[in-house]
Colleague: 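I have a structure here, written as structure tokens, and I will follow up with some questions on it.
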Number of protein chains: 2
Amino acid sequence: MARKRITPGKIRLTEVAKLAGVSPITASRFFRTPEALSVGKRARVESAAKELGYVPNLAARALASQRTEVVGVLIPSLTNNVFADVLRGIYDALDGSRYSIQLANTRYSILQEERLLRLFLAQKPAGLIVTGINQTADSRAIMESVDCPIVQIMEIGPSPIDMMIGFSHFDASRAAIAHLLAQGCRRIGFLGARMDPRVQRRLDGYQAAMNDAALFDPRLVVTTAVPTSVTLGGTLFADLLAKAPDIDAVFCVNDDLALGALFECKRRHMAVPDQIAIVGFNDLEFMSSSVPTLSSVRTNRYEMGRDAATMVIETLEGRRPAEPVVDLGFSVMERQSSARRS
Amino acid sequence: MARKRITPGKIRLTEVAKLAGVSPITASRFFRTPEALSVGKRARVESAAKELGYVPNLAARALASQRTEVVGVLIPSLTNNVFADVLRGIYDALDGSRYSIQLANTRYSILQEERLLRLFLAQKPAGLIVTGINQTADSRAIMESVDCPIVQIMEIGPSPIDMMIGFSHFDASRAAIAHLLAQGCRRIGFLGARMDPRVQRRLDGYQAAMNDAALFDPRLVVTTAVPTSVTLGGTLFADLLAKAPDIDAVFCVNDDLALGALFECKRRHMAVPDQIAIVGFNDLEFMSSSVPTLSSVRTNRYEMGRDAATMVIETLEGRRPAEPVVDLGFSVMERQSSARRS
DNA sequence: TTGTACGCGTTATCAA
DNA sequence: TTGATAACGCGTACAA
């Protein structure tokens, strides 16, 4: 009853070891800790592997070692430029390392996120990078019980699951409003799209700043759950003007909306900044080259991704970061679109 | 010498099977082909799995079955909006399915691509989606010897490795120039950044169209290897004006450059389209809401990603697409920026 | 520094 | 429809 499966042509570690004249485990060590081999055997295994075109079987490795070298990354959107920058940072940091990335898209749904989390964990990831601080209770419980470094990115808050890197969207938004107030603006509109948790906190920051100045008026706020776009910026700005024709400034929760608002101003022949000041959020590349240049709140997205990945690696290698929560801050980039002749 | 490793608390298939009162293989079948079980056992295994909180071990599964359910995706850039749309299509198509995605970034390097390809293949992917038709000879050889569906995306050409979906960048570019010629433009500049193979083919298309009209002049062409940006669009346009002050139109290889050129025109108080017509490429969302609206060549990026993923799935399920090469075409979106009063 | 023995958790194969 | 057996390819633990 020879119901063996043995595939004959296949190159396994055993084949490499045989050709090199060593035991399989020695060949195995060559790929993981080459410095533990004598120089002679090291060379023999190396050339044998090359000659046979050996490709390690990652599944077997993962099964035997009970771990993998993939870092799971959960982000809410692939389309959003903001995450593209974060991702670039993550890929850059992990590129030279032994770790690879498993990326998934939660589509701004924490239920979806929970599902993906379970999927990821079935693969025993080396580490995890997740977006934001609003997870389901189950997600949190799962992550807290898992034994791998986890970094929450994009924002900071109390009680990190493990580590955290980001900034305060509330403070950033409030700083943007403070800038507009300092420019002499009083009727400052707010344009928001998608309204995910971080955008919501920007709205909170706006409201706090306006309340502090005794200038808050609900008619100044226009939001929608619709995903953002430049076109939407124009639409929302038109809505805002309809509700509050006397505005002298508008704060947009992202730069696409700001650009859309600028175009809408052009269409209506409204002068920016003299008639309407505009401030965006994220400081995408185009903000500094539009006409007029657009003010925005710069956030350190690339650094966020890069450092989050680095925190994972450092932890895996036993050098846990001293500070589990990193505030990357932000800066208000004051440009022509909000330069009022007070 | 009992150096067993047996972890006690762990829930394996065996535990589930024991609780359900069936053999492990029966429990295994429940997760793969539930309809092959009798109704009674099916229910018993199901409740046992739920009760124990069983999570399948993907590494063991991959090792035993010699395959995985991940589709590898190789793209040259994460920052480029163009790929964000393609990715969204891929994720959307694969989302409901059993397959997950392994994404890697080649950074526009075919050597990097080859390295990543080897890495992916060590995981025995269910399928592969790669960008473009310019792979190294080794990459091609590797892919041709692999037994899984492979789709090349973004462009089409002769001799697909397996399947292909995209469009002709040469034709698309030529169509854009034909449009400008039809508008009465004669001195049509060309702005190119990054100059990857597909951009190069757009340049070829431009040159062919201009030669056909006996209007080609090397001074009209400005290119750089630098990655694209809106700011760069302004810079390149300024360079073009310096070399050829008499241009009456500019074709930009992407929309960021086009927007940058538009802003540069504003800065110089050059009327668009009356003095300078502008046409971009890709038709990103903002093109239709700028002032003036910007003409562009629309490409079906989302569909490309979605259909590429679908082709992989169909092939895996035994329904191989009738046509291995799919041309998604393009369309020239004629907007204000190129509407000349002939 | 190198090797022996065996387990990792699942599925393919064959038989009933 | 169900089950027994072995195999998937590698790493861990321990010994030499």
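Quick note on labels: first sequence line is chain A, next is B, and so on, each numbered from 1. Here the structure is a predicted model, which means the values were calculated and not measured.
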Colleague: Begin with the C-alpha distance, continue with both residues' side-chain angles, and end with the deciding distance and a verdict on side-chain hydrogen bond (donor to acceptor under 3.5 Å, both in side chains) for A:T315 and A:R320.
Modeller: CA-CA 4 Å; A:T315 304; A:R320 209 164 198 298; 4.7 Å; no
Colleague: Using only side-chain N and O atoms of A:R67, determine if any of them is under 4.0 Å from OP1 or OP2 of D:dT12.
Modeller: yes
Colleague: Once you apply a heavy-atom cut-off of 4.0 Å, does A:R42 come out as touching a base, just sugar-phosphate, or nothing?
Modeller: nothing
Colleague: As a test of reading the structure: which of C:dT2, D:dG9, C:dG3 is closest to the side chain of A:R12, going by heavy atoms?
Modeller: D:dG9
Colleague: Counting just side-chain N and O atoms, does B:S65 come under 4.0 Å of either OP1 or OP2 of C:dT10?
Modeller: no
Colleague: What does B:P56 touch in the nucleic acid at a heavy-atom separation under 4.0 angstrom: a base, only the sugar-phosphate, or nothing?
Modeller: sugar-phosphate
Colleague: Ignoring hydrogens and geometry beyond distance, is the side chain of B:R29 in donor-acceptor contact with the base of D:dG3 at under 3.5 Å?
Modeller: yes
Colleague: Between B:R306 and B:D85 (salt bridge meaning N to carboxylate O under 4.0 Å), is one present in this structure?
Modeller: no
Colleague: Can you tell me how far P of D:dC10 sits from CG of B:L63, to the nearest Å?
Modeller: 9 Å
Colleague: Just the rounded figure in Å: distance from P of C:dT10 to CZ of B:R61.
Modeller: 8 Å
Colleague: Could you say whether B:K124 or B:T26 is positioned toward the 5' end of DNA chain D, judged by the nucleotide with the nearest heavy atom to each?
Modeller: B:T26
Colleague: Return the value, rounded to whole Å, for the distance between atom CD of A:E69 and atom C1' of D:dG11.
Modeller: 13 Å
Colleague: What is the distance, rounded to the nearest whole Å, between atom CZ of A:R44 and atom C1' of C:dT1?
Modeller: 13 Å
Colleague: How close or far is atom P of C:dG7 from atom CG of B:N57, stated in whole angstroms?
Modeller: 17 Å
Colleague: Would you mind reading off the distance between A:K18 atom NZ and C:dG3 atom C1', rounded to a whole angstrom?
Modeller: 16 Å
Colleague: Taking the basic N atoms (NZ, or NE/NH1/NH2) and the acidic carboxylate oxygens, is any pair closer than 4.0 Å for B:E15 and B:R12?
Modeller: yes
Colleague: The side chain of A:K41 lies closest to which of these nucleotides: C:dT10, C:dG3, C:dA12?
Modeller: C:dG3
Colleague: Calculate the interatomic distance between A:F30 atom CZ and D:dC10 atom P; express it in whole Å.
Modeller: 14 Å
Colleague: Ignoring hydrogens and geometry beyond distance, is a side-chain donor-acceptor pair present between B:Q112 and B:T106 at under 3.5 Å?
Modeller: no
Colleague: Kindly indicate whether the side chain of A:I90, heavy atoms from C-beta on, has any atom under 4.5 Å from the side chain of A:I101.
Modeller: yes
Colleague: Regarding A:I25, tell me which of base, sugar-phosphate or nothing describes its non-hydrogen contacts under 4.0 Å with the strands shown.
Modeller: base
Colleague: When you get a sec, tell me which of D:dA4, C:dT2, C:dC8 is the closest nucleotide to the side chain of A:Q66?
Modeller: C:dC8
Colleague: Looking at every strand, decide which applies to B:F31 at a 4.0 Å heavy-atom threshold: base, sugar-phosphate, or nothing.
Modeller: nothing
Colleague: Please tell me if B:S23 has a side-chain N or O lying less than 4.0 Å from either OP1 or OP2 of D:dA4.
Modeller: no
Colleague: Is it true that A:R140 and A:E144 make a salt bridge, defined as a side-chain N closer than 4.0 Å to a carboxylate O?
Modeller: yes
Colleague: Relative to the 5' end of DNA chain D, which residue comes earlier, B:A60 or B:V22, by the nucleotide with the nearest heavy atom?
Modeller: B:V22
Colleague: Quick one: B:Q123 CD to D:dG9 C1', roughly how many Å, whole number?
Modeller: 15 Å
Colleague: Hey, does B:Y54 reach any base, or is it just sugar-phosphate, or nothing, if we go heavy atoms under 4.0 Å?
Modeller: sugar-phosphate
Colleague: Name the nucleic acid region contacted by B:R32, choosing base, sugar-phosphate or nothing; use a 4.0 angstrom heavy-atom cut-off, strictly under.
Modeller: sugar-phosphate
